[in-house]
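Written below as structure tokens is the structure these notes are about.
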Amino acid sequence: MKILHVISSPRGAASQSIQLGNAIIDKLKAANPGAAIKETNLVTQQFPHLEEAHITSFFTPAENLTDANKEAIRHSNDAIRDIMESDVLVIGAPMYNFSIHSALKAWLDHIVRVGVTFRYSANGPEGLIQNKKAYIAVASGGVYSEGPRKGMDFIEPYLKMLLGFLGITDITFIWAEGLSMPGVQETAMEKAVSSIVV
Ligand SMILES: Cc1cc2nc3c(=O)[nH]c(=O)nc-3n(C[C@H](O)[C@H](O)[C@H](O)COP(=O)(O)O)c2cc1C
């Protein structure tokens, strides 16, 4: 089993989504001895915001790519190769302002490529990333599964839709929620880790 761990928290050793992602990986390793892990830290090695050069290059046929075009899609190609080579994705998704961190958004913008990770068929769009299992390690200060903030989470619906669009439909969200709420925060990580089923 090849596991790709995608990190998008800027908080390094203090990060709860990294801790939760590592707990998911520990359980995967226990169930699959010999599993190989590749880590991508999107904060220490950022993907650029999409610029004109990236977009132009994405839509240039392979045989017409200039050296500059090839350089512009290098990040994208590397990220897509890492995904295609993996069996399992563990994506850390800390909540920042009710959604994902912009480093994760930038990475996603580089992996959505027509003709490469999805295509338009007679039946509409078709995802080309097949046979992957994804775990999303979400960390949030508030509680979104119930109570007054239910419906204010833009992480789970967005990632479910976007990854599904690319063909990644087997997705399990693991939430460490309420990390800023006294009375909840004390047991939030323990509850999250015990909810991991691999
Ligand atoms: C700039 C910033 C924005 C945040 N925005 C939210 C938010 O909108 N909703 C929420 O529930 N928690 C929010 N939090 C709390 C984080 O989700 C929480 O600290 C979580 O542990 C972040 O994940 P990480 O530890 O992996 O970085 C925010 C924290 C920071 C520093």
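Read the numbers this way: they start at 1 and go in the same order the structure lists the ligands and their atoms. Values reported hereafter were calculated over all heavy atoms of this structure, with side chains retained and with hydrogens, waters and symmetry mates removed.
- With sequence neighbours left out, the side chain to side chain contact (heavy atoms under 4.5 Å, CB included) criterion links E126 to R119, S121.
- Looking at K29, M1, K2 one by one, the single match for side-chain contact (heavy atoms from CB on, under 4.5 Å) with I37 turns out to be K29.
- At a 4.0 Å heavy-atom cut-off, the residues surrounding ligand 1 are S9, R11, S15, Q16, S17, P94, M95, Y96, N97, F98, A139, S140, G141, G142, Y144, R149, L179, listed by chain and number.
- Grouped with L179 in a hydrophobic cluster is no other residue, since no side-chain heavy-atom contact under 4.5 Å to another Ile, Leu, Val, Met, Phe, Trp or Tyr is found.
- Remark: K133 qualifies as a cation-pi partner of Y135 under the 6.0 Å distance and 45° angle criteria applied to the six-membered ring.
- In the displayed structure, N131 atom CG is contacted under 6.0 Å by at most 12 heavy atoms of other residues, nucleotides or ligands.
- Under the salt bridge (Lys or Arg N to Asp or Glu O under 4.0 Å) criterion, the residue pairs touching residues 98-117 are K105-D109, with sequence neighbours excluded.
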